[in-house]
Amino acid sequence: QVQLVESGGGSVQAGGSLRLSCAASGYTYRINSMGWFRQAPGKEREGVAGFYTGGGRLYYADSVKGRFTISQDNAKNTVYLQMNSLKPEDTAMYYCAARAEPSGSWYGPLSAAQYDSWGQGTQVTVSS
């Protein structure tokens with residue numbers, strides 16, 4: 001099992017920045033993909049950024065390209081989401097996700113179906 005704990009959310013004005021952190025523990029050596037998702041009230045969960053741990057490509061939703069950056073610190077088992085030029089429409093609960101299961105179907109780093117472990121979420125609120 002993999003446990004995920006997010007932190008770094010908060011309230012910021014439009015144009016500001018936040019950095020979210022996701023600390024992983026447990027069977028972290030099994031993790032093959034990780035991602036950040038968000039969900040606003042009344043909306044579906046949306047994949048924001050993600051990657052396969054064995055590859056170098058980073059995946060981003062069109063709505064955040066050029067503003068958000070996903071990165072990892074393997075020594076700390078931590079994944080980050082740097083969010084710049086924040087907009088009111090970025091307001092949502094942000095979740096970290098990981099997949100440790102090596103078998104089964106693969107749906108891509110921006111699909112919620114890809115993952116089998118989720119954090120509890122951290123709230124991001126952007127005011128205009």
Side-chain angles (χ1 to χ4, degrees):
Q1 296 291 335
V2 173
Q3 295 78 43
L4 304 170
V5 178
E6 302 99 332
S7 61
S11 297
V12 65
Q13 289 191 330
S17 299
L18 284 173
R19 188 177 80 157
L20 306 183
S21 299
C22 172
S25 60
Y27 294 131
T28 58
Y29 65 94
R30 293 183 178 178
I31 294 175
N32 51 56
S33 45
M34 293 196 73
W36 282 98
F37 289 74
R38 66 186 181 187
Q39 188 167 20
K43 295 188 176 182
E44 293 186 357
R45 189 166 295 192
E46 173 191 20
V48 174
F51 59 90
Y52 295 111
T53 56
R57 180 181 174 185
L58 304 177
Y59 297 76
Y60 295 97
D62 288 343
S63 57
V64 307
K65 281 181 182 177
R67 301 188 298 123
F68 291 11
T69 302
I70 188 171
S71 63
Q72 58 178 326
D73 184 333
N74 290 328
K76 297 181 179 179
N77 289 324
T78 300
V79 173
Y80 303 98
L81 184 68
Q82 178 67 43
M83 305 185 296
N84 299 327
S85 302
L86 283 162
K87 305 175 181 179
E89 50 264 43
D90 294 318
T91 295
M93 184 72 78
Y94 282 71
Y95 298 91
C96 179
R99 173 175 174 148
E101 174 59 52
S103 60
S105 299
W106 290 71
Y107 301 91
L110 297 184
S111 173
Q114 173 73 10
Y115 300 98
D116 49 30
S117 298
W118 293 84
Q120 82 289 348
T122 185
Q123 178 68 38
V124 171
T125 302
V126 184
S127 58
S128 58

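Because only heavy atoms are used, hydrogens play no part in the values below, and waters and symmetry mates are left out as well, while side chains stay in. In this text, all values refer to a predicted model and were calculated from it rather than measured experimentally.
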### Donor-acceptor pair, side chain of Gln114 and main chain of Gly108, under 3.5 angstrom
yes
## Note on the structure
So OG1 of Thr28 and NZ of Lys76: to nearest 0.5 Å the spacing works out to 15.5 Å
### Query
Which word best sums up how the rings of Phe68 and Tyr94 line up, parallel for under 30°, tilted for 30 to 60°, or perpendicular for over 60°?
tilted
### Query
Out of curiosity, Ser85 OG to Arg67 CZ, how far, rounded to the nearest 0.5 Å?
7.0 Å
### Task
Kindly state each residue pair satisfying disulfide bond (SG atoms under 2.5 Å apart) with at least one member in residues 58-128, sequence neighbours excluded.
Cys22-Cys96
### Query
Which atom pair, heavy atoms only, marks the closest approach of Trp36 to Ser21?
CH2-O, 3.6 Å
#### Entry: Aromatic plane relationship, Trp106 with Tyr52 - under 30° parallel, 30 to 60° tilted, over 60° perpendicular
tilted
### For Leu81 against Ala49, the heavy-atom pair lying closest together
CD1-CB, 4.1 Å
### Query
What distance separates Met83 CE from Arg19 CZ, expressed to the nearest 0.5 Å?
11.5 Å
### Query
Does any donor atom in the side chain of Ser127 or Gln13 lie under 3.5 Å from an acceptor atom in the other side chain?
no
### Summary
Taken to the nearest 0.5 Å, the spacing of Arg38 CZ from Tyr95 OH works out to 13.5 Å
### Message
When you group the ILVMFWY residues by side-chain heavy-atom contacts below 4.5 Å and let the links chain together, are Val64 and Val12 in the same group?
### Response
yes
### Shortest non-hydrogen separation from Ser17 to Gln82 and the atoms involved
CB-NE2, 4.0 Å
### Message
For a quick test of reading the model, state the closest non-hydrogen atom pair linking Ala24 to Leu4 and the distance between them.
### Response
CB-CD2, 3.7 Å
### Query
Met34, Trp118: one ILVMFWY side-chain cluster at the under-4.5 Å cut-off?
no
### Query
In Å, rounded to the nearest 0.5 Å, how long is the span from CD of Glu46 to OG of Ser111?
12.5 Å
### Query
Under the ring-ring contact (aromatic ring centres under 6.0 Å, His included) criterion, do Phe37 and Tyr115 qualify, and how do the steps go?
CA-CA 11 Å; Phe37 289 74; Tyr115 300 98; 5.5 Å; yes
#### Entry: Polar contact flag, side-chain donor to acceptor under 3.5 angstrom, Gln72-Thr53
no
### Message
Taking Val48 as the starting point, is it possible to reach Leu18 by hopping between hydrophobic residues whose side chains are less than 4.5 Å apart?
### Response
yes
### Message
Donor-acceptor check, side chain of Asp116 to backbone of Glu101, threshold 3.5 angstrom: yes or no?
### Response
yes
### Message
Once rounded to the nearest 0.5 Å, what's the spacing between atom OG of Ser25 and atom CG of Asn77?
### Response
8.5 Å
### Task
Flag the pair Asp90 and Lys87 as a salt bridge only when some basic side-chain nitrogen lies within less than 4.0 angstrom of an acidic carboxylate oxygen.
no
### Task
Considering non-hydrogen atoms only, spot the tightest contact between Gly119 and Glu6 and give its length.
CA-OE2, 3.2 Å
### Task
Decide if atom CD of Glu44 counts as having more than 12 heavy atoms of other residues, nucleotides or ligands within a radius under 6.0 Å.
no
### Query
Is it true that a side-chain atom of Asn32 and a backbone atom of Gly54 form a donor plus acceptor pair closer than 3.5 Å?
no
### Task
Apply side chain to side chain contact (heavy atoms under 4.5 Å, CB included) to Lys65 and Tyr59, showing your working.
CA-CA 9 Å; Lys65 281 181 182 177; Tyr59 297 76; over 6 Å; no
### Query
Closest approach of Ala40 and Thr91, non-hydrogen atoms and distance?
CB-O, 3.7 Å
### Query
Same cluster or not: are Ile31 and Tyr80 linked, directly or through other Ile, Leu, Val, Met, Phe, Trp or Tyr residues, by side-chain heavy atoms under 4.5 angstrom apart?
no
### Message
I'd like to know if Val79 and Val124 are part of one continuous hydrophobic network [Ile/Leu/Val/Met/Phe/Trp/Tyr, side-chain heavy atoms within less than 4.5 Å].
### Response
yes
